[in-house]
Colleague: 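Can you read through this structure? Questions will come right after.
Along the sequence shown, residues are numbered consecutively beginning with 1.
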Amino acid sequence: MALQWMILTYVVAAEAAVALLLTLPYPKLLKNRLVSLISLILQPALFIVPFAAFQLLDIYWKNEHRMMCTSEICTAAERDRYEKSIYKAQRNVILCSAACLLYWIIYRICKYYKDIQSLEEVEKRYKKE
């Protein structure tokens with residue numbers, strides 16, 4: 001189970017790095033190549049959305065079927081274990097949400113940049129006429 005969260009953590013870190021790379025100012029030629037490369041990677045990287053959604057469903061299911069430890073018969077160790085599992089679940093929900101949000105941000109940045117390129121080409125054609 002920890003392997004899934006480690007993979008998701010690395011994917012979120014990579015998405016954050018890519019989003020940072022896309023927002024840095026570069027020369028036009030380098031920016032064109034970078035955006036085209038990332039656009040090619042975006043479609044295979046779409047696997048992260050259903051993967052994160054499955055992880056969210058898993059967290060929800062475990063939360064619904066988790067043993068409550070709020071009564072006085074619970075020991076201090078059991079209560080600590082219960083609270084730790086709640087904190088881990090909250091952290092993992094944030095991780096899944098961040099994965100989906102960062103993917104969407106990268107997609108929108110690439111799409112906006114391609115739209116700007118096509119508008120610049122249209123403007124060049126109008127200027128030539």
Side-chain angles (χ1 to χ4, degrees):
M1 202 56 162
L3 180 63
Q4 295 169 343
W5 297 114
M6 189 175 74
I7 290 169
L8 198 60
T9 303
Y10 287 144
V11 167
V12 168
E15 286 179 338
V18 167
L20 182 66
L21 280 175
L22 281 174
T23 56
L24 291 175
Y26 291 112
K28 193 168 187 129
L29 180 64
L30 185 61
K31 187 76 165 186
N32 288 341
R33 301 238 171 132
L34 183 66
V35 168
S36 65
L37 175 68
I38 292 172
S39 295
L40 290 173
I41 296 171
L42 274 177
Q43 190 172 5
L46 185 62
F47 82 92
I48 196 62
V49 175
F51 182 73
F54 177 75
Q55 295 301 325
L56 284 173
L57 285 174
D58 186 48
I59 291 169
Y60 174 75
W61 187 86
K62 285 179 180 177
N63 189 38
E64 288 295 318
H65 296 88
R66 179 177 284 136
M67 299 284 287
M68 294 297 210
C69 190
T70 56
S71 63
E72 295 177 3
I73 48 176
C74 291
T75 64
E78 289 173 337
R79 196 169 295 116
D80 288 344
R81 184 171 173 239
Y82 173 76
E83 289 177 4
K84 186 178 177 183
S85 71
I86 294 292
Y87 292 138
K88 278 186 177 180
Q90 290 172 348
R91 179 199 65 202
N92 292 339
V93 166
I94 291 171
L95 193 63
C96 290
S97 302
C100 294
L101 182 67
L102 281 169
Y103 181 85
W104 179 78
I105 288 171
I106 292 168
Y107 171 77
R108 293 308 297 181
I109 290 172
C110 288
K111 184 175 182 330
Y112 286 146
Y113 191 76
K114 285 183 176 181
D115 290 344
I116 289 171
Q117 282 179 331
S118 66
L119 288 173
E120 286 175 351
E121 290 173 5
V122 168
E123 182 184 16
K124 284 180 185 178
R125 277 187 267 147
Y126 281 136
K127 282 184 178 180
K128 284 183 179 179
E129 292 178 359

Colleague: Go through the steps for Lys62 and Asp58 under the test salt bridge (charged side-chain N to carboxylate O under 4.0 Å, His left out), then give the verdict.
Modeller: CA-CA 6 Å; Lys62 285 179 180 177; Asp58 186 48; 3.4 Å; yes
Colleague: Say whether Leu21 and Tyr10 are linked into one hydrophobic cluster, either directly or through other cluster members, by side-chain heavy-atom distances under 4.5 angstrom.
Modeller: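 Yes: a chain of side-chain contacts under 4.5 Å links Leu21 to Tyr10.
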Colleague: Once you round to the nearest 0.5 Å, how far does NZ of Lys124 lie from CG of Leu119?
Modeller: 12.5 Å
Colleague: My understanding is that only residues two or more places apart in sequence, or in another chain, count here; which of them pass salt bridge (charged side-chain N to carboxylate O under 4.0 Å, His left out) with Glu123?
Modeller: Lys127
Colleague: Quick check for you: to the nearest 0.5 Å, what is the distance between Ile105 atom CD1 and Thr23 atom OG1?
Modeller: 10.0 Å
Colleague: Show me the donor-acceptor pairs, under 3.5 Å and distance only, between side chains in residues 25-53 and residues at least two apart or in other chains.
Modeller:
unit_1, atom_1, unit_2, atom_2, d
Lys28, NZ, Glu120, OE1, 2.7
Lys28, NZ, Glu120, OE2, 3.4
Lys31, NZ, Leu22, O, 2.3
Lys31, NZ, Leu24, O, 3.3
Asn32, OD1, Tyr113, OH, 2.9
Asn32, OD1, Gln117, NE2, 2.3
Asn32, ND2, Lys28, O, 3.4
Ser36, OG, Asn32, O, 3.2
Ser36, OG, Arg33, O, 2.9
Ser39, OG, Val35, O, 2.8
Ser39, OG, Lys114, NZ, 3.3

Colleague: Answer yes if Leu3 and Ile59 sit in the same cluster of Ile, Leu, Val, Met, Phe, Trp and Tyr residues linked by side chain heavy atoms under 4.5 Å apart, and no otherwise.
Modeller: yes
Colleague: Would a single hydrophobic cluster contain both Trp5 and Trp61, if residues Ile, Leu, Val, Met, Phe, Trp and Tyr are joined by side-chain heavy-atom contacts under 4.5 Å?
Modeller: no
Colleague: Would you mind listing every salt bridge (Lys or Arg N to Asp or Glu O under 4.0 Å) that reaches into residues 14-27, with sequence neighbours excluded?
Modeller: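 Sorted result for residues 14-27: empty, none.
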Colleague: If you look only at distance, which donor and acceptor atoms sit under 3.5 Å apart when one is on a side chain in residues 93-101 and the other is two or more places apart or in another chain?
Modeller:
unit_1, atom_1, unit_2, atom_2, d
Ser97, OG, Val93, O, 2.9

Colleague: Following the transitive rule for hydrophobic clusters with a side-chain heavy-atom cut-off under 4.5 Å over Ile, Leu, Val, Met, Phe, Trp and Tyr, establish whether Ile109 and Leu20 coincide in one cluster.
Modeller: no
Colleague: Please list, chain by chain and in numerical order, all residues satisfying side-chain hydrogen bond (donor to acceptor under 3.5 Å, both in side chains) with Arg108, sequence neighbours excluded.
Modeller: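 side-chain hydrogen bond (donor to acceptor under 3.5 Å, both in side chains) list for Arg108, sorted by chain: Tyr112.
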Colleague: Honestly curious: do Leu57 and Tyr103 fall in one hydrophobic cluster under the side-chain, below-4.5 Å linking rule?
Modeller: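 In one cluster with Leu57: Tyr103, no.
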Colleague: Any donor and acceptor pair, going by atom type alone, linking the side chain of Glu78 with main-chain N or O of Thr75 inside 3.5 Å?
Modeller: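 Present.
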Colleague: Taking Lys88's backbone N and O only, do any of them form a donor-acceptor pair with Asn92's side chain (distance below 3.5 Å, no angle check)?
Modeller: yes
Colleague: By salt bridge (charged side-chain N to carboxylate O under 4.0 Å, His left out), which residues pair with Lys111, not counting sequence neighbours?
Modeller: Asp115
Colleague: Which value, rounded to the nearest 0.5 Å, describes the distance between Ser85 atom OG and Gln90 atom CD?
Modeller: 9.5 Å
